[in-house]
Amino acid sequence: MLAEVLIFVPSIARFRQDYLQLRLEKAQIASLALLATDGMISTELEAELLANADVYNVVLWRDQIRQLILSSPVDSDVIATHDLRVATPLRLMRDALVVLIDNQDRTVRVIGRPVQDAGFLIEVTMPTAPLRQAMLDYGLRIFLLSALISVVTAALLFFAVRRLLVVPIRRVVRHMTLYADAPEDARRVIAPTSGVAEVREAEEALQSLQTQLTGALRQKERLAQLGSAVAKISHDLRNILTTAQLFTDRIEHSVDPVVTRIAPKLVGSISRAVSLCESTLAFGKAEEPSPRLSRFALAPLVEEVIEAEALGERQGVSCLVDISAGMNLRADAEQLYRVLANLMRNAMQALEVAGQGGIIEVSAGETDDEWWIKVGDTGPGLPPRAREHLFTAFQGGARKGGSGLGLAIAFELVRGHGGRLELLRSDEAGTEFVIHLPKTDGLEDTAQHGSSGDL
């Protein structure tokens, strides 16, 4: 509508100006015809000339003389004078709107310059009714033409929007529906084809989302299959280790001093293997056994891990243990053994990757609320990808060929104690993990709060 107004008003003003200019030209021609005959024309011819020019009278300023060339009776007084020589665009538009609004037949005076310099100026008196009717006819033609242009433009816009937006959006919706029916089928991932930048960005974002989701679903399916296979293997391995455990019980009673010294360690290793198989079966059911809490000394457990993993026998690697002999904590010894073994084994593997030896350090301490155990190394640090999914099963592996399951299990075991396992630092100087174990089991705090509430 605004565009129509901006087009219509100047156009109708220009039409009015041309109409008045044409009346002046016709009046000038009629005047020149009369002057050429020295005024010797009949009254009927004079009336015909005025009627042809649509004016009442004509005044011509020529040779410094103002002459009334043609005249006829005027029924009403002149209400306005329009000088086309000095009219501005805004004045022309205002006068045009006044003519359109006023439906009464008025008499106006129009002044302009004669064509071909045939005098100083020409002045006519004319009615406004024919002018208004001509302007209305012209406005109607503009309206019809504008309506036609609007219809054509709307049709083009409709087809353009349909072709550029609606069809691509329908295609995206169709792909989303088809993909939702079978998200594992990679053939249903959308391929961006739209030429519109915004729609193409939406298609690319949907493609990325579908690709990631399809990969995640495939990975979860493989993990489920792997979990089933591991559970079967662990079940059979547990049976085999149970048989081996029966034989080690007999070896334990041997009188040979070497056998007597080695047998307890062999029994402990097989017992842990059996326990690990049972834990794997429990992990396959998405649950870890609850920790069996007991108080024990931490230093001997750490020494046992070092000896079992043969960390002190590795060339160029030294183990530093900063744990007081009298430090006791309350936890599940077997589960804490697995946590420390995982962390220290990872530290050993990090030093092996560096290929230059180093130090594995284990320290511990306590506060009023918790025990803490730090396990660190002087290796090259964890890669960024391993840090992103550090405690996620099968995704946080830092070593080539590693499954990333060790830290996930350690994290779950520590969390089962009500504690937390954190990565304290990992940079060029090495990596350090810290285990936080609470001194309360959570029930004591609840009981204390309940007692306080009762009080």
Side-chain angles (χ1 to χ4, degrees), residues 7-146:
I7 293 173
F8 176 78
V9 174
S11 298
I12 201 70
R14 180 66 181 179
F15 175 81
R16 173 182 170 276
Q17 183 184 22
D18 293 341
Y19 182 90
L20 296 178
Q21 189 66 42
L22 181 60
R23 300 286 83 76
L24 292 176
E25 292 175 3
K26 287 184 176 182
Q28 181 181 349
I29 293 173
S31 301
L32 293 176
L34 182 61
L35 292 175
T37 60
D38 292 330
M40 303 299 294
I41 62 173
S42 63
T43 305
E44 292 80 6
L45 181 58
E46 182 178 358
E48 184 178 352
L49 289 174
L50 290 173
N52 184 62
D54 284 336
V55 298
Y56 291 132
N57 52 53
V58 179
V59 176
L60 184 64
W61 285 39
R62 182 182 177 91
D63 298 329
Q64 303 298 323
I65 300 175
R66 184 176 184 274
Q67 296 178 308
L68 178 61
I69 305 299
L70 296 170
S71 64
S72 63
V74 180
D75 298 333
S76 60
D77 297 333
V78 176
I79 64 168
T81 299
H82 304 293
D83 192 345
L84 300 183
R85 298 173 301 171
V86 295
T88 62
L90 290 178
R91 185 180 183 86
L92 290 173
M93 287 188 286
R94 186 199 66 180
D95 293 342
L97 293 177
V98 169
V99 173
L100 286 176
I101 295 172
D102 188 3
N103 57 3
Q104 299 295 322
D105 188 10
R106 312 288 185 179
T107 301
V108 296
R109 180 183 292 109
V110 180
I111 302 174
R113 297 183 186 278
V115 296
Q116 300 296 328
D117 296 328
F120 178 69
L121 63 81
I122 186 170
E123 174 185 326
V124 299
T125 304
M126 57 177 290
T128 59
L131 171 61
R132 182 173 183 273
Q133 186 60 44
M135 292 173 64
L136 290 175
D137 294 340
Y138 177 77
L140 180 60
R141 291 195 298 271
I142 289 183
F143 173 76
L144 294 177
L145 180 61
S146 300

Please list, one pair per line, the donor and acceptor atoms closer than 3.5 Å that link side chains of residues 123-132 to other protein atoms, with sequence neighbours excluded.
{"unit_1": "Glu123", "atom_1": "OE2", "unit_2": "Arg66", "atom_2": "NH2", "d": "3.4"}
{"unit_1": "Glu123", "atom_1": "OE2", "unit_2": "Arg109", "atom_2": "NE", "d": "2.8"}
{"unit_1": "Thr125", "atom_1": "OG1", "unit_2": "Asn57", "atom_2": "OD1", "d": "2.9"}
{"unit_1": "Thr128", "atom_1": "OG1", "unit_2": "Arg106", "atom_2": "N", "d": "2.8"}
{"unit_1": "Thr128", "atom_1": "OG1", "unit_2": "Arg106", "atom_2": "O", "d": "3.4"}
{"unit_1": "Arg132", "atom_1": "NE", "unit_2": "Val99", "atom_2": "O", "d": "3.4"}
{"unit_1": "Arg132", "atom_1": "NE", "unit_2": "Leu100", "atom_2": "O", "d": "3.2"}
{"unit_1": "Arg132", "atom_1": "NE", "unit_2": "Asp102", "atom_2": "O", "d": "3.1"}
{"unit_1": "Arg132", "atom_1": "NH2", "unit_2": "Leu100", "atom_2": "O", "d": "3.3"}

Quick one: does Ile7's side chain get under 4.5 Å of Ser146's, heavy atoms only? no

If the condition is side-chain hydrogen bond (donor to acceptor under 3.5 Å, both in side chains), which residues does Ser76 pass it with, not counting sequence neighbours? Thr107

Contact check, side chains of Asp54 and Tyr19, non-hydrogen atoms, under 4.5 Å: yes

Nearest atoms (heavy-atom pairs only) where Ala53 meets Lys26: CB-CB, 3.8 Å

Let me confirm one number: the CD-CG distance from Glu25 to Leu22, rounded to the nearest 0.5 Å. 6.0 Å

Is there a side-chain contact between Leu49 and Val58, using heavy atoms and a 4.5 Å cut-off? no

Does Arg14 have any salt bridge (charged side-chain N to carboxylate O under 4.0 Å, His left out) partners at least two apart in sequence or in another chain, and if so, which? Asp18

Residues forming a side-chain hydrogen bond (donor to acceptor under 3.5 Å, both in side chains) with Asn52, sequence neighbours excluded: none

Kindly compute the distance separating NE2 (His82) from CD1 (Ile111), expressed to the nearest 0.5 Å. 10.5 Å

Interatomic distance, CD@Gln28 vs CD1@Ile122, rounded to 0.5 Å, equals 5.0 Å

Does atom CZ of Arg91 have more than 12 heavy-atom neighbours, drawn from other residues, nucleotides or ligands, at distances under 6.0 Å? no

Looking at every heavy atom in both Ser71 and Leu50, which two are closest together, and how far apart are they? O-CD1, 3.4 Å

Looking at CD of Gln133 and CG of Asn103, how far apart are the two atoms once the value is rounded to the nearest 0.5 Å? 11.5 Å

Set of salt bridge (charged side-chain N to carboxylate O under 4.0 Å, His left out) partners for Asp83, sequence neighbours left out: Arg85

Does some side-chain heavy atom of Met135 sit less than 4.5 Å from a side-chain heavy atom of Tyr138? no

Atom OG of Ser11 and atom CE of Met93: how far apart are they, to the nearest 0.5 Å? 10.5 Å

Looking at Asp77, I'd like to know if its CG atom is crowded, meaning that more than 12 non-hydrogen atoms belonging to other residues, nucleotides or ligands lie closer than 6.0 Å. no

Identify the two heavy atoms, one from Leu60 and one from Pro114, that lie closest to each other, and give their separation to 0.1 Å. CD1-CG, 4.2 Å

Partners meeting side-chain hydrogen bond (donor to acceptor under 3.5 Å, both in side chains) with Glu44 (sequence neighbours left out): none

